[in-house]
Enquirer: 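Mind having a look at this structure? Questions to follow.
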Amino acid sequence: SRYSRILGTGSFLPPNRLSNADLVAQLAKDGIETSDEWIVERTGIRARHFAGTGVTASDLALPAAQAALAAAGVAAGEIDLIIVATSTPDMIFPSTACLLQAKLGVAGAAAFDVQAVCSGFVYALTVADSMIRTGAASKALVIGAEVFSRILDFKDRTTCVLFGDGAGAVVLGASDIPGILASELHADGSHAGILCVPGTVVGGQVLGDPLLKMDGQAVFKLAVGVLEKVARGVLEKAGRVEADIDWLIPHQANIRIMHSTTKKLKLPLDKLIVTVDQHGNTSAASIPLALDAAVRSGKIKTGDTVMLEGVGGGFTWGAVLLDF
Ligand code: ACO
């Protein structure tokens, strides 16, 4: 049989890092009150990186992709599929994946974006795995890249303290040995309103609000339930049990959601990979950023079983179980 396996990981954070104290001071200039205590207690976030004016998702994706290619020992020209998961694309079109392809200096591979907000990376990885297993592709670059600072309302303290910018990437290659063991994707569009950027561009004008809106408590409740269910679904498909999971990498949005998911799966907290404290919520980039950090720090080793779980706007959710 033909399977897909992760050959290398990479990530990139823009250099401008803001601690909670930095952000509190910046918001105070506009009369917005918040505190390090509130942010840490409610979310676990201590710092985030912001890309700065003019820096795009493909700018962040490029060094992440190059690091993943180097780790995999694969040249950009060998890649025959590029999928970028993003909700903050450089342009309406062409896709960020095509713009990244040009920046990588290659041509010919299929390239497209996947838009599933914070579930984007598990969606993109599942699509790439399917295409590799059917023979439609052999070596894929799968990337989550976001510049959420572009869509944050810095007058809304309930959302602007939560998010950050960054990119994470993997090279996924065809393999005789299973890497990706099982995956599951879901959506329920009836919850579109609880987490959205409702605006769009019509006739050269922005129509509707172009900044992020979130009902935090509604998102919290939905997220906790679906993350448990989808993890169990994927374990069952793969013929594995909770105790087989060496590492859990949920979408890094909020430490309370992450702890609750870990407990529901009866996993010890030391199997949970946490980067939300240093990155904030980087949407589709959060899982590959956390994966790369855990690989480079020596936590995740070849052969380890890893559960990736995404949840976010749409509402969308999904999980991928893999042997690294
Ligand atoms: N600083 C200080 N006070 C604040 C801030 C802030 N940044 N934001 C809100 N508050 C105040 C509110 O005004 C409110 O004050 P009040 O009681 O006087 O009215 C109080 O804090 C409590 O507000 P709640 O919204 O009830 O706070 P909650 O405990 O629900 O925490 C949070 C909010 C962190 C957003 C939480 O609901 C949450 O984590 N939700 C999950 C959403 C999430 O993680 N989203 C990320 C994107 S979605 C995803 O990726 C899945």
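In listed order, ligands and their atoms are each counted from 1. Heavy atoms only: backbone and side chains are in, while hydrogens, waters and symmetry mates are out. One-based numbering along the sequence shown.
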Enquirer: Just let me know how Leu195 lines up against ligand 1, side chain, backbone, both or neither, with a heavy-atom cut-off below 4.0 Å.
Expert: side chain
Enquirer: What is the closest protein heavy atom to atom 13 (O) of ligand 1, and at what distance does it sit?
Expert: Arg157 NH2, 3.1 Å
Enquirer: Distance alone, cut at 3.5 Å: any donor-acceptor contact between the side chains of Lys271 and Thr262?
Expert: no
Enquirer: Can Asn254 and Arg42 be counted as having a side-chain donor-acceptor contact under 3.5 angstrom?
Expert: no
Enquirer: Using distance alone, with no hydrogens and no angle criterion, decide if Asp165 and Ser149 have a side-chain donor and acceptor under 3.5 Å apart.
Expert: yes
Enquirer: Counting only N and O atoms by type, is there a donor-acceptor contact under 3.5 Å from the side chain of Ser119 to the main-chain atoms of Thr316?
Expert: yes
Enquirer: Atom 34 (C) of ligand 1: which protein heavy atom is closest, and how many Å away?
Expert: Thr43 CG2, 3.7 Å
Enquirer: Under 3.5 Å, is there a donor-acceptor pair linking the side chains of Arg240 and Thr305?
Expert: yes
Enquirer: Starting from atom 29 (O) of ligand 1, locate the nearest protein heavy atom and write down its residue, its atom name and how far away it is, to 0.1 Å.
Expert: Arg42 NH1, 2.5 Å
Enquirer: Quick one: does ligand 1 sit under 4.0 Å from the side chain of Asn281, the backbone, both or neither, non-hydrogen atoms only?
Expert: side chain
Enquirer: Classify the side-chain pair Thr282/Glu146 by whether it contains a donor and acceptor separated by less than 3.5 Å.
Expert: no
Enquirer: Residue-level breakdown please: for Thr158 versus ligand 1, do any non-hydrogen atoms fall below 4.0 Å on the side chain, on the backbone, on both, or on neither?
Expert: both
Enquirer: Quick one: does atom 1 (N) of ligand 1 have a protein heavy atom under 4.0 Å from it?
Expert: yes
Enquirer: Between the candidates Phe163, Phe148, Trp38, which shows the shortest non-hydrogen contact distance to atom 33 (C) of ligand 1?
Expert: Trp38
Enquirer: Distance alone, cut at 3.5 Å: any donor-acceptor contact between the side chains of Thr86 and Asp113?
Expert: no
Enquirer: So which of Glu33, His251, Gln217, Arg256 gets nearest to atom 31 (O) of ligand 1, if we judge by its closest heavy atom?
Expert: Arg256
Enquirer: For the residue pair Asp270 and Trp247, what are the closest heavy atoms and their distance?
Expert: O-CZ3, 3.4 Å
Enquirer: State whether the shortest distance between N or O atoms of Gly216 and N or O atoms of ligand 1 falls below 3.5 angstrom.
Expert: yes
Enquirer: Yes or no, since that's all I need: does a protein heavy atom fall within a distance strictly under 4.0 Å of atom 9 (C) of ligand 1?
Expert: yes
Enquirer: Under 3.5 Å, N or O to N or O, is Asn254 touching ligand 1 that way?
Expert: yes
Enquirer: Run the numbers for me: atoms of ligand 1, each under 4.0 Å from some heavy atom of Val161, listed by number.
Expert: 7 (N)
Enquirer: Tell me whether atom 18 (O) of ligand 1 lies less than 4.0 Å from at least one protein heavy-atom position.
Expert: no
Enquirer: Where is the nearest protein heavy atom to atom 51 (C) of ligand 1: which residue, which atom, and how far?
Expert: Val311 O, 3.4 Å
Enquirer: What I want to check is whether the side chains of Thr159 and Asp156 have a donor and an acceptor closer together than 3.5 Å.
Expert: yes
Enquirer: Under 3.5 Å, is there a donor-acceptor pair linking the side chains of Arg48 and Gln278?
Expert: no
Enquirer: Verify the neighbour count for atom NZ of Lys229: are there more than 12 heavy atoms of other residues, nucleotides or ligands below 6.0 Å?
Expert: no
Enquirer: Under 4.0 Å from ligand 1, counting heavy atoms only, is it the side chain of Ala223, its backbone, both or neither?
Expert: neither
Enquirer: Is there a polar contact between ligand 1 and Ser35, counting only N or O atoms under 3.5 Å apart?
Expert: no
